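Working notes, structure below.
Because only heavy atoms are used, hydrogens play no part in the values below, and waters and symmetry mates are left out as well, while side chains stay in. Nothing fancy with the numbering, it's 1 onward along the sequence. In this text, all values refer to a predicted model and were calculated from it rather than measured experimentally. Just so you know, ligand 1 is whichever comes first in the structure, and atom 1 is the first atom listed for that ligand.
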Amino acid sequence: MMKIKKLNDFKFKGKIAIIRVDFNVPLDKELIITDSTRIDLGIKSVKYILENGGKCVVMSHLGRPKGNGYERKFSLENILDYLSYKLNRKVSLVKNYFDDKFKIDKYLKDSEVVLLENLRFYSEEKENDNNFSQKLASFGDIYVNDAFGTCHRKHASTYGIVNYIKNHCIGELIENEIININKVLHENKRPFTAVLGGAKVSDKINIIEKLIPIVDNIIIGGAMANTFIKSNGGNIGNSLFEKNNLDVAITLQKKALVNNVQIFLPNDFICSKSFEDFNTKVFDSNNIPKEYSSFDIGDQSIKLFKKVILNSKKIIWNGPMGVFEIDNFSKGTYEICNFIAESTKNGAFSLVGGGDSVASVKKNNKQKEISFISTGGGALIEYLSNETLPSLKLLKS
Ligand code: AMP
């Protein structure tokens, strides 16, 4: 199997790069960008290609359009000015490019950077349609994939396209993701602690299984913890849990025991009758009255998790400790974020990924205090589980 190529394996002078980026930035009601991180990071490869004398055809998705044509709120028009400003040059937005008669040349004559309108306006993108893949491939000489967050999806622009273009490589963003994820997986720093949260065990079974042989501790918070506590016979009241995964939770705990991995579950929870009810009470995590649900970890759990995190030399965090979107239930998640930042200051290597965890790092203004913030959610989890992703695998061939 060949090695995956990088930008510096190619000479871009006089060449056209067709580059898949993830410019899927959040927009407010007025369609103004509220967080430009994804563009700021993804633009580095575009700049590299331009600086080396190449031209770029840039493609991305934005939001979740229906897949049957133009929708104003998901149009890449919304990011065009920002992109031009950051690149300090004109960027042309092209529409209706999936048409037999369409030719990219005239747009590239006018500008060195051409932005294709939202890929997901075409249902063919998600369907990994051969004709669509071929059309996209025809726009460039070298395909660059720099959209880490979508590399776990087999879409035309991340997957099918590779079959139609011989020269292909990853961009700087993906290269950086791989370097940092490998650091957390393979650098010999101990103790290694994984902090997992969110609602669904089902999404994270594979990563827990993969982590068990390599970590020392697994901290579990959020509604995921409820499934584990219930599987151990605890009384979780009306809290959210996954009935179908009670057995899985038992098996994972047995595996952890055999591998000498300590699983830390919350010992108390902030509870109320619904998450609209701010009449909160703290209960022992094994004894929640039947009309109450847990919505955040309590102070005792925070104290317990703090000790483990501050004692760690490698930390990976994915998933909130509670319903952090609501202020009354956000303390656990923010405190975890603070402890990871503190541990990083003391020399630990920390990696945070997943929309919710990254959002809480940003809200807490701790971006600079975390060693690496991944742009992947699902992609990060899948990479951690399999040490590759479908699109990256294809780029090796
Ligand atoms: P996931 O998609 O599995 O990462 O779950 C993220 C979601 O889990 C967030 O929207 C949280 O609000 C939610 N969540 C975290 N803890 C709880 C909890 N104890 N009860 C209900 N939802 C929760």
Review item, side-chain donor-acceptor pairs of residues 106-116, under 3.5 Å, at least two apart:
{"unit_1": "Ser111", "atom_1": "OG", "unit_2": "Ser92", "atom_2": "OG", "d": "2.6"}
{"unit_1": "Ser111", "atom_1": "OG", "unit_2": "Tyr107", "atom_2": "O", "d": "3.4"}
{"unit_1": "Glu112", "atom_1": "OE1", "unit_2": "Arg89", "atom_2": "NH1", "d": "2.7"}

N/O donor to acceptor pairs below 3.5 angstrom from side-chain atoms of residues 197-219, sequence neighbours left out:
{"unit_1": "Lys200", "atom_1": "NZ", "unit_2": "Asp203", "atom_2": "OD2", "d": "3.3"}
{"unit_1": "Ser202", "atom_1": "OG", "unit_2": "Glu242", "atom_2": "OE2", "d": "2.7"}
{"unit_1": "Lys204", "atom_1": "NZ", "unit_2": "Gly197", "atom_2": "O", "d": "2.7"}
{"unit_1": "Glu209", "atom_1": "OE2", "unit_2": "Lys255", "atom_2": "NZ", "d": "2.5"}
{"unit_1": "Lys210", "atom_1": "NZ", "unit_2": "Leu384", "atom_2": "O", "d": "3.4"}
{"unit_1": "Lys210", "atom_1": "NZ", "unit_2": "Glu387", "atom_2": "OE2", "d": "3.1"}
{"unit_1": "Asp216", "atom_1": "OD1", "unit_2": "Arg190", "atom_2": "NE", "d": "3.2"}
{"unit_1": "Asp216", "atom_1": "OD1", "unit_2": "Arg190", "atom_2": "NH2", "d": "3.4"}
{"unit_1": "Asp216", "atom_1": "OD2", "unit_2": "Arg190", "atom_2": "NE", "d": "2.9"}
{"unit_1": "Asp216", "atom_1": "OD2", "unit_2": "Arg190", "atom_2": "NH2", "d": "3.4"}
{"unit_1": "Asp216", "atom_1": "OD2", "unit_2": "Phe192", "atom_2": "N", "d": "2.7"}
{"unit_1": "Asn217", "atom_1": "ND2", "unit_2": "Thr193", "atom_2": "OG1", "d": "3.0"}

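Cluster partners of Phe278, by chain and number: Ile270, Phe275, Val282, Phe295, Val323, Ile326, Phe329. The rule joins Ile, Leu, Val, Met, Phe, Trp and Tyr whenever side-chain heavy atoms lie under 4.5 Å apart.
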Ligand 1 polar-atom proximity to protein (N/O, under 3.5 Å):
{"unit_1": "ligand 1", "atom_1": "3 (O)", "unit_2": "Ala199", "atom_2": "N", "d": "2.9"}
{"unit_1": "ligand 1", "atom_1": "3 (O)", "unit_2": "Lys200", "atom_2": "N", "d": "3.1"}
{"unit_1": "ligand 1", "atom_1": "4 (O)", "unit_2": "Lys204", "atom_2": "NZ", "d": "3.2"}
{"unit_1": "ligand 1", "atom_1": "5 (O)", "unit_2": "Ala199", "atom_2": "N", "d": "2.9"}
{"unit_1": "ligand 1", "atom_1": "8 (O)", "unit_2": "Ala199", "atom_2": "N", "d": "3.4"}
{"unit_1": "ligand 1", "atom_1": "10 (O)", "unit_2": "Glu325", "atom_2": "OE2", "d": "2.5"}
{"unit_1": "ligand 1", "atom_1": "12 (O)", "unit_2": "Glu325", "atom_2": "OE1", "d": "2.7"}
{"unit_1": "ligand 1", "atom_1": "12 (O)", "unit_2": "Glu325", "atom_2": "OE2", "d": "3.3"}
{"unit_1": "ligand 1", "atom_1": "16 (N)", "unit_2": "Ala223", "atom_2": "N", "d": "3.2"}
{"unit_1": "ligand 1", "atom_1": "19 (N)", "unit_2": "Ser294", "atom_2": "O", "d": "3.1"}

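Using a cut-off of 4.0 Å between Lys/Arg side-chain N and Asp/Glu carboxylate O, Lys366 and Glu369 are scored as salt-bridged. For Glu187 and Lys314, the salt-bridge test fails: no basic side-chain N is under 4.0 Å from an acidic carboxylate O.
The aromatic ring centroids of Tyr122 and Tyr70 lie 6.0 Å or more from each other.
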